[in-house]
2 protein chains.
Amino acid sequence: MTDAYEKHDRVLVALDCIIFGFDRQDLKLLLIKRNFEPEMGKWSLMGGFLRKDEGLDDAASRILEDLTGLKNIYLEQLNAFGAVGRDPVDRTVSVAYYALVDIHKHDKELVKKYDAQWFSMDEIPELIFDHTEMVQSALKRLRYKASYQPVGFELLPVKFTLPELQQLYEAIYDTTIDKRNFRRRILSMDILINTGEKQKEHSKKGAYLYTFDEKKYLEGVNGGDNFKFKSSIS
Amino acid sequence: MTDAYEKHDRVLVALDCIIFGFDRQDLKLLLIKRNFEPEMGKWSLMGGFLRKDEGLDDAASRILEDLTGLKNIYLEQLNAFGAVGRDPVDRTVSVAYYALVDIHKHDKELVKKYDAQWFSMDEIPELIFDHTEMVQSALKRLRYKASYQPVGFELLPVKFTLPELQQLYEAIYDTTIDKRNFRRRILSMDILINTGEKQKEHSKKGAYLYTFDEKKYLEGVNGGDNFKFKSSIS
DNA sequence: GCAAAAGTGTTACGAATACACCCATGA
DNA sequence: TCATGGGTGTATTCGTAACACTTTTGC
């Protein structure tokens with residue numbers, strides 16, 4: 001430990017983004033078709049390399065923006081992946097981030113340029129390197145996050161119906177939820193505002209459009225981080 | 001993205017270990033006194049640099065062993081820390097790991113060699129760089145982990161009493177727990193075996209010594225990772 | 001016999017689940 | 001008028017939290 005820093009190995013640090021979206025039906029992932037070797041033509045997460053003069057979070061934002069054209073997106077670090085052979089070309093450590101985006105807002109030209117495509121979670125193709133593991137980890141984290149914080153704000157358009165919000169949660173957890181219980185729980189959180197308008201595209205009766213009460217929503221997001229000792233130790 | 005890898009920046013990847021121990025009273029952290037610049041003489045987490053030919057987890061184990069002499073210790077990655085100026089000497093990305101060790105088992109010679117010392121959580125000194133942030137993050141993670149998995153096995157000696165185990169949880173959560181509720185919950189997990197022996201050092205009546213039922217303990221550790229949608233969204 | 005820590009059960013409250021019918025409307 | 005999806009309430013179960021006294025034994 002008395003070595004000068006100069007003696008130590010330097011490695012490439014990559015960033016990979018697991019980009020989640022929701023099309024009012026399925027939870028989806030944005031993947032790109034790799035246009036360079038190795039593994040050219042295979043599907044991959046959007047990634048890039050860390051530059052010396054930028055922080056990890058900044059680099060992840062940059063890479064996300066490169067593909068989607070979107071700024072100020074919800075982005076959270078997952079983990080570093082650093083097995084020796086994970087990238088066959090060179091020793092790289094990859095830091096994975098997951099992003100929640102409104103699927104309708106991304107820049108379709110950029111996505112085309114990268115040969116990118118949205119995939120439903122149950123149709124994810126084989127991915128390069130350890131990207132499948134990263135996706136699994138991201139889904140787990142998203143489920144965890146959604147279990148103690150509201151997540152709709154990032155994934156839904158400004159106005160949405162309760163059946164749509166329920167569909168989002170059902171997609172995240174790949175399950176079905178009782179309508180009455182869902183509505184009671186969501187509404188009791190007191191973060192939704194009924195706009196009074198109705199969405200009539202999907203039903204004859206029409207469903208009320210809601211928006212998030214941004215202030216209360218953020219309180220919910222910022223709190224809820226304290227774990228107590230409870231018997232859910234299991 | 002069509003660049004050859006060669007064009008990209010290479011950076012130092014460091015590893016820092018947040019080492020938790022428990023002395024039957026307080027939750028403690030093992031820190032070293034830095035014997036090189038910058039910040040020589042200040043307290044720091046045990047750290048080191050990633051070598052090209054080893055994985056991240058391996059590097060963290062190596063660094064942990066360097067300080068404690070211990071192998072096969074519970075070690076889990078927290079996060080990568082990568083703000084630009086976090087190490088004033090050079091651009092480094094640090095991957096933080098936290099470890100749970102039996103405080104009585106470490107190699108005291110090694111610890112002396114590194115000028116290391118155990119600190120109670122409420123007496124942690126000022127740390128270099130972003131190490132304080134890493135410690136906070138580790139404590140949060142430990143609390144989270146302990147909320148859905150048993151953690152005593154890694155932090156306690158083979159035989160321990162229920163009051164000691166309770167003291168451990170109270171230390172982790174910095175709170176008090178009702179004795180009757182605690183015992184009921186822990187015992188209902190069905191992972192403890194009463195050895196029949198009594199510990200008489202701390203009381204006249206004596207408390208039963210328990211051991212973990214390793215098989216059932218590991219089932220508990222490996223499960224409990226599925227998050228459901230519940231109203232704890234808050 | 002008394003101080004000190006170990007050990008033991010019951011009640012009450014709140015959250016989660018299960019469950020079935022009416023409503024509004026366009027075709 | 002009927003098919004479709006939207007909207008609503010109640011009863012039960014289960015987990016969590018609150019709470020006080022008895023037991024053992026070394027001094």
May I ask you to verify if any side-chain N or O of A/R183 is less than 4.0 angstrom from the OP1 or OP2 atom of D/dG6?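 So the side chain of A/R183 is outside the cut-off, no N or O lying under 4.0 Å from OP1 or OP2 of D/dG6.
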Take atom [atom1] of [X] and atom [atom2] of [N], then tell me their distance rounded to the nearest Å.
X      : N      : atom1 : atom2 : value
A/N194 : D/dT8  : CG    : C1'   : 15 Å
B/L209 : C/dA6  : CG    : P     : 12 Å
A/L192 : D/dG7  : CG    : P     : 12 Å
A/Q199 : C/dG26 : CD    : P     : 14 Å
A/F182 : D/dG6  : CZ    : P     : 13 Å
A/L187 : D/dG9  : CG    : P     : 12 Å
A/E201 : C/dA27 : CD    : P     : 13 Å
A/H202 : D/dT4  : NE2   : C1'   : 14 Å

Can a side-chain donor-acceptor contact be found between A/Y97 and A/D57 if the only test is distance below 3.5 angstrom?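 The answer is yes; a qualifying pair exists.
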Do B/S94 and B/D16 meet the criterion of a side-chain donor-acceptor pair at a distance under 3.5 Å?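 There is such a pair between these side chains.
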Residues in side chain to side chain contact (heavy atoms under 4.5 Å, CB included) with B/E197, at least two apart?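 Side chain to side chain contact (heavy atoms under 4.5 Å, CB included) check on B/E197 returns B/K159, B/T195, B/L209.
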Is there a side-chain contact between A/L165 and A/I186 (heavy atoms, below 4.5 Å)?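 Yes; the side chains approach each other to less than 4.5 Å.
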Using a 4.0 Å heavy-atom cut-off, write out nucleotides 18-27 of chain D from 5' to 3' as B (base contacted by protein), S (sugar-phosphate only) or - (no contact). BBB--BBBB-
Residues of residues 160-168 of chain A with any non-hydrogen atom less than 4.0 angstrom from an atom of DNA chain D: list those, numerically ordered, please.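 Hits under 4.0 Å, by residue number: A/P163.
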Donor-acceptor pair, A/Q77 side chain versus A/V95 backbone, under 3.5 Å?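 Judged by distance alone, no pair lies under 3.5 Å.
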What are the two closest non-hydrogen atoms of A/M46 and A/I19, and how far apart are they?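 For A/M46 and A/I19, the tightest heavy-atom pair comes out as CB-CD1, 4.4 Å.
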Taking the six-membered ring for Trp, is the centroid-to-centroid distance between A/Y210 and A/F160 below 6.0 Å?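 No; A/F160 has its ring centre 6.0 Å or more from that of A/Y210.
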For residues A/Y144 and B/Y148, establish whether the separation of their ring centroids is below 6.0 Å.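 Ring centroids of A/Y144 and B/Y148 are no less than 6.0 Å from each other.
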Are A/D26 and A/K28 ion-paired here, with the side-chain N under 4.0 Å from a carboxylate O?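 No, this pair does not count.
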